[in-house]
Protein chains: 2
Amino acid sequence: MNIKRIAELAGVSKASVSRVLNNHPSVSPELRAAVETVVRQEGYEPNAVARALARRRTGNIALVIPRPAQFAFGHAFLTEVMRGVGAALEAQSLGLQIITSAGPASLSAIHRDRSCDGIVFAGIWADDPLARHLDDAVVPVVVVGRPSPQLAVPFVTMDDEEGAYAATRHLLARGHRRLALVNGPASMWSVNRRRGFQRALLEAGLAFDRSLALDGEFSSDSGQRLMAKLLARPERPTGVFLASDVMAYGALAAARQTGLSVPGDLAVAGFDNFPFSALTEPPLTTVDAHAFTLGFRAAGLLLAALRGETPVESQITLPMTLVVRSST
Amino acid sequence: MNIKRIAELAGVSKASVSRVLNNHPSVSPELRAAVETVVRQEGYEPNAVARALARRRTGNIALVIPRPAQFAFGHAFLTEVMRGVGAALEAQSLGLQIITSAGPASLSAIHRDRSCDGIVFAGIWADDPLARHLDDAVVPVVVVGRPSPQLAVPFVTMDDEEGAYAATRHLLARGHRRLALVNGPASMWSVNRRRGFQRALLEAGLAFDRSLALDGEFSSDSGQRLMAKLLARPERPTGVFLASDVMAYGALAAARQTGLSVPGDLAVAGFDNFPFSALTEPPLTTVDAHAFTLGFRAAGLLLAALRGETPVESQITLPMTLVVRSST
DNA sequence: TCCCGCCCTGAAACCGGTTTCAAGGCAAGG
DNA sequence: CCTTGCCTTGAAACCGGTTTCAGGGCGGGA
């Protein structure tokens with residue numbers, strides 16, 4: 001069933017059917033009624049692809065996460081970003097296409113094949129070469145996270161240096177002096193979090209003890225392993241800041257296995273504020289990374305661009321908020 | 001930039017450019033070289049929408065979850081299903097469109113507007129009226145979960161009755177005699193889980209105590225509240241089966257607050273086996289619902305249908321596996 | 001030498017819509 | 001009564017590809 005056939009059945013032209021379907025003002029009530037009757041009888045739905053071609057708008061935007069699907073959908077931070085993007089698009093009844101595992105070739109295709117009206121780019125942590133292809137897109141692009149200081153592309157990122165700083169200051173305020181850092185793998189986020197951690201230490205007149213800073217992989221396993229390692233040291237730390245909640249879950253397990261109480265013997269602070277972090281034993285003190293908002297605002301910037309607006313601010317850095325629970 | 005312009009620049013016809021781009025066998029090396037040079041110079045990428053229209057294949061499939069995005073992307077079970085679907089599609093380099101909050105109208109549109117080549121339907125729990133529109137789709141549809149016994153639509157569901165049965169039997173085998181049930185809201189899943197629970201009790205010669213069976217909403221809050229209620233009873237249960245891990249997290253918290261030890265005073269078994277369930281204190285005994293596999297297999301059925309194959313089995317019920325940890 | 005068939009290429013039709021443009025009908029105004 | 005202009009409608013162009021079909025060139029067989 002297509003528009004031509006509907007037109008024949010209703011005894012009108014394709015153009016008229018199109019006008020009726022798009023609520024064009026200049027159609028007579030009779031014609032409208034005739035067309036609508038046929039449309040209903042036949043259960044006709046216009047072909048979305050043909051419509052997109054003619055209108056030069058697909059009505060959906062892509063969230064590109066250049067990682068395997070297995071990883072992207074299993075990652076609490078990224079699914080929260082999806083949630084934010086999805087919520088923003090839903091309000092405008094736009095479609096959401098999630099593209100995972102995009103290599104440089106397919107990425108460059110997405111940028112120029114007009115299969116979507118705009119792109120939100122997320123999940124690039126290291127200074128990825130993929131980020132270089134960002135500005136040759138033919139549709140608006142917004143990045144979650146900060147791709148690279150040079151690029152002029154709009155982005156929404158978090159102030160993770162401030163977040164790490166706040167968490168560390170909180171640990172210091174609780175009286176801890178030997179603080180450990182379990183960071184993520186080298187990436188734009190990790191560098192900032194380490195910087196915030198260090199800054200808080202220096203301001204408190206404490207030296208940054210390199211041997212108390214280890215790098216994990218954002219997994220609970222790595223958190224547990226590294227925490228165990230730190231606790232096995234002759235002078236073990238009394239507080240630890242982990243650059244991700246998931247690693248903190250591992251750290252809590254490690255403390256338990258070592259027979260230490262949290263926060264009595266060890267204060268633990270994480271970063272992300274995933275939903276589960278309120279349910280750990282004890283509930284985790286952490287920095288809320290506002291992942292949902294990151295996605296929501298990024299989609300908002302994109303929608304503004306699609307409407308042709310030029311937002312006053314197109315490079316946004318969200319402030320982080322410390323969530324104090326019982327683990328510190 | 002379009003195919004016509006490329007053709008002009010290369011001094012050939014549109015048809016030839018198309019043949020080169022699609023690796024058609026009958027093109028001379030010279031023509032191929034000429035076209036490829038221009039394509040590279042201009043950074044040309046064929047318009048995906050026009051291509052989809054001409055080919056009558058969009059190259060992407062839709063995962064429809066008729067719930068608000070806020071809910072769908074925040075739900076551990078559903079994101080696992082997404083992960084499975086995504087992983088299956090990624091292997092075939094097909095696109096994934098996630099459609100949330102589809103009301104009856106937009107749902108019927110998705111089924112017939114040819115904006116995707118196939119549909120995986122998930123997230124319907126109750127006997128939703130939406131399920132009735134399933135068979136008027138013009139593209140193949142596969143459902144995650146069992147929509148309704150009458151419908152002949154292909155589906156992949158879990159054997160949750162057996163799962164609940166296994167968990168309950170496990171609790172009984174641990175010597176518990178007063179067992180409580182915290183079920184989800186009325187839905188196709190919940191009915192089965194209750195049935196499995198009851199069957200295990202009856203087989204053990206125990207009566208099903210209606211006052212020990214409560215219905216929550218799959219949230220940790222409701223789990224905590226209902227568990228507290230159950231523990232406040234004069235004769236409190238010594239074991240509980242909760243129809244979702246998230247509710248079990250709440251139950252663990254309730255036990256802690258009541259000063260009861262798990263599994264000493266109360267054995268707790270959940271259902272889902274979310275990643276976090278290995279990290280609770282104590283780690284949670286639960287039934288693995290294989291959400292990832294549910295999505296993966298559903299996408300597999302769809303891919304088979306798209307290839308024109310008729311799978312021997314198009315209505316699949318996955319067996320559940322009990323994961324015994326320290327909470328029982 | 002002529003004819004046949006294959007290889008390569010381009011013209012044109014097609015996918016299924018939207019939009020422009022022109023024209024017919026009719027009411028209002030001069 | 002004629003002109004003007006608005007309202008409504010249809011024909012045709014267009015969006016940007018793919019695919020069919022027909023034809024030209026060329027090599028091989030008779």
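First the proteins, then the strands, lettered A, B, ... as listed; each starts at 1.
Rounded to an integer number of Å, the gap from B/Arg51 CZ to D/dC15 C1' is 16 Å. At whole-Å resolution of the value, CZ in B/Arg57 and P in D/dG17 are 17 Å apart. Between the P atom of D/dT18 and the CG atom of A/Leu53 lies a distance of 12 Å, rounded to the nearest Å. If you measure from atom CG of A/Asn47 to atom P of C/dG16, you get 7 Å, rounded to the nearest angstrom. The distance from atom CZ of B/Arg55 to atom C1' of C/dC15 is 13 Å, rounded to the nearest whole Å. Rounded to whole angstrom, the span from the NZ atom of B/Lys4 across to the P atom of D/dG17 amounts to 12 Å. Distance CD1 (B/Ile3) to P (C/dG10): 12 Å, rounded to an integer number of Å.
Among the protein residues, B/Val27 comes within range of the sugar-phosphate backbone only, with heavy atoms under 4.0 Å from sugar or phosphate atoms but none that close to a base. Base engagement by A/Ser26 is indicated by at least one non-hydrogen atom pair under 4.0 Å involving a base atom. A/Val17 comes within 4.0 angstrom of nothing in the nucleic acid, heavy atoms only. Counting any heavy atom pair closer than 4.0 Å across all strands shown, B/Ser18 reaches a base atom.
Of the listed nucleotides (C/dG16, C/dT9, D/dG10), C/dT9 has the atom at the smallest distance from the side chain of B/Leu31.
Nearest-nucleotide positions on DNA chain C for A/Asn2 and A/Arg19 put A/Asn2 closer to the 5' end. Checking B/Pro46 against A/His24, the closest nucleotide of DNA chain D that is more toward the 5' end is the one next to A/His24. Annotation: of the two residues near DNA chain C, B/Ser13 and A/Asn22, the 5′-most nearest-nucleotide partner is B/Ser13.
At the phosphate of D/dT9, OP1 or OP2 sits under 4.0 Å from a side-chain N or O atom of A/Ser28.
Scanning atom types as modelled, no donor and acceptor separated by under 3.5 angstrom connect the side chain of A/Lys14 and the base of D/dG10.
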